[in-house]
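Notes to accompany the following structure.
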Amino acid sequence: MASALSRWAYRLTLTALVAIALAALLWLAAALALQLPPVQERLRQGVEAAASRLGRAVTVGAFRLSPTFTFLELEEVQIARGPTFQEGRVAAITRLRLYADLRALLRGVLLIQTVTAEGVEVTGRIGELDGPTLAALPPSDFGPIHLRLLQVRRAAVTLTGPDRTLRASGLDFDLTVEREGRSVLTLRLPRLEIAWRDRQLVLEETAGRFRTVGETMTVEEAGTRLLGGRLEIKGAVTRLASAPTLNLRAEGTGRLEALAALLGWPGRWDGALSFRGGVSGALGSPVLEGTVEFADGHLFGFAVGSGRGALRAGEGGVRLEEVALAAMDGRARGSLRFPAEAGGGTAIRLAAEALAMPGVLAGFGWRIPATGAVTGEAAFTVRRGGSNGRFDITVADLAPTARPGARGTAAAALRLEGKEVVLERFALTLPQTSLILGGRSEGGRYNLTLEGRLTDVGEIALLFGFPRYGGRALLSGRVTGPLAGPQVTATLIWDRPLLY
């Protein structure tokens, strides 16, 4: 009995070893057969025939079958820009894996439901990857590929156009294809760079979830960091296969100093920004419209408490209309247009009413103990290399802080020329004083002429923060030195001088 049992165990073991050996031989034969030139060529022909549906030529460096027969790996995959490689390459994939369904494989059916791609590089022209091509890339029924999951890791995209470049690196996304034309896409993008001319906008930590049903894609959630803040987007994109059209809602925050650096505005610009609006129009030429709010910062060096305006960006430019500002205890209104109609830059128009004199003086870098209500208009174009435009300002109820009852007026006309400020005329009138200045500044320094008639020297002394003097005087000279600390050199004819 024991001898029969031993013979039975021996035969069973031998049968198992033979089966394992046969399986190993079959696997080895399949792996070796896959490396045979005729088999590799047949696989290449199959891939090329499948790729012809997209109208693009494809080449594969090598094919490899996994030890478990669960996936076929394609190495060094090249995708052409058109039917041949004469027009160049649009994409390269270091490793592409096609995973088979094991249950279907046991039934003798090759069914590939999962595709993963690693080390993807896409290059092309902006607008080249149109809607029909993108819609055809992840078909749910493509010969033996019944796609259910497409995974892409470590993708890099570079798109160029006239004066524009778009670069994305480290892109990961998962596309899950459901039944009846439904799919879900999750995306993670560490860094996206958009450059045009000499400017660059960087988007970081971009992520989103998108659901597609037929020709409509719903943006369930999408967000990115830019301009010192964050932008969140929701909505839908319709007509995916023919003419993709945007209908999105957007909310975001940012910093004005980051926007000023991007657009090349000189001077001091800072403060908190917020935006609420929508993105609409064709995918290739979107339009951003909404409301922008501003708080606690500076515009061209002038302190502003709050503000809001209507923004429209697209069609090659940015417009900020109906701007209303609360600044220096007064009000201002205006508009902004980028780029300006002639010569580039940003065109800005402002009109102000009843601004507090100390705040205006601080914006120009002056420290004068005076009060008054400032009204003015400004129209200028801000450029990276230098600005141009003019300011016309009038001051009512002008008085020294130490003598608020002495009411006077002032008027100034200034012009911007590159990086220089030209003071065309400054006229100051107090009850017993008249003072006129004119000239220009170069390299941040004053170079002005000065003429004055002072019936009461003490009046003008108090206005500029000097010790209290008395008497009458005629004044003629120059104002020089840095903007923050001007120096006066003048000939003074002083009648009956008094020192208190």
Side-chain angles (χ1 to χ4, degrees), residues 302 328-330 352-378 390-417 420-500:
F302 295 94
M328 295 166 278
D329 299 326
E353 300 176 2
L355 303 184
M357 184 73 172
V360 176
L361 294 173
F364 283 107
W366 297 337
R367 295 178 177 85
I368 300 175
T371 62
V374 180
T375 299
E377 293 185 356
R390 64 179 297 111
F391 300 83
D392 293 292
I393 300 170
T394 60
V395 182
D397 298 329
L398 177 63
T401 303
R403 190 189 293 178
R407 303 292 182 176
T409 61
L414 300 94
R415 199 170 68 244
L416 287 175
E417 292 182 356
E420 299 180 9
V421 178
V422 178
L423 180 60
E424 295 179 345
R425 181 179 173 82
F426 174 77
L428 170 66
T429 303
L430 291 173
Q432 302 185 70
T433 301
S434 65
L435 192 66
I436 298 175
L437 291 91
R440 63 191 300 130
S441 69
E442 297 183 38
R445 301 181 66 86
Y446 286 114
N447 186 12
L448 310 176
T449 60
L450 172 65
E451 298 289 340
R453 184 181 184 87
L454 290 67
T455 305
D456 181 358
V457 174
E459 194 174 54
I460 194 68
L462 289 175
L463 182 67
F464 287 95
F466 298 141
R468 188 176 181 184
Y469 299 109
R472 296 179 297 180
L474 296 177
L475 186 65
S476 177
R478 305 193 68 82
V479 179
T480 58
L483 301 183
Q487 300 173 353
V488 179
T489 304
T491 299
L492 178 65
I493 302 176
W494 196 345
D495 183 24
R496 298 179 183 178
L498 293 176
L499 303 176
Y500 295 95

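Taking each heavy atom of L398 and A410 in turn, the nearest pair found is CD2-CB, 3.9 Å. The shortest non-hydrogen separation linking W494 to A473 is CA-CB, 4.0 Å. Taking every heavy atom of both residues into account, D456 and T433 meet most closely at O-OG1, 3.8 Å. The heavy-atom pair separating A356 from D329 by the smallest distance is CB-OD2, 3.7 Å. Across A373 and A354, no two heavy atoms sit closer than the pair CB-CA, 4.2 Å. Between G372 and V395, the closest heavy-atom pair is CA-CG1, 4.2 Å.
The line from CZ of F391 to CG of L416 is 5.0 Å long, rounded to the nearest 0.5 Å. Taken from CG in L474 to CG in L492, the straight-line distance is 8.5 Å, to the nearest 0.5 Å. In this structure, M357 CE and M328 CE are separated by 11.5 Å, a value rounded to the nearest 0.5 Å. How far CG of L437 is from CZ of R425: 10.0 Å, rounded to the nearest 0.5 Å. Remark: L454 CG to L475 CG distance equals 6.5 Å, nearest 0.5 Å. We find the OG1-CG distance between T455 and L430 to be 10.5 Å, quoted to the nearest 0.5 Å.
Listed for the T429 side chain is no donor-acceptor partner under 3.5 Å among the backbone atoms of T409. T449 places no side-chain N or O within 3.5 Å of a backbone atom of R478 that could act as its donor or acceptor partner. Panel note: side chain E459, backbone Q432; a donor-acceptor pair is recorded below 3.5 Å. The backbone N or O of T375 sits less than 3.5 Å from a side-chain atom of T394, completing a donor-acceptor pair.
Listed by chain and number, the residues in a salt bridge (Lys or Arg N to Asp or Glu O under 4.0 Å) with D397 amount to none (sequence neighbours excluded). Partners of S476 by side-chain hydrogen bond (donor to acceptor under 3.5 Å, both in side chains), not counting sequence neighbours, listed by chain and number: E451.
Note on residues 404-417: pairs passing salt bridge (charged side-chain N to carboxylate O under 4.0 Å, His left out), not counting sequence neighbours, are R415-E417, R415-E424, E417-R440.
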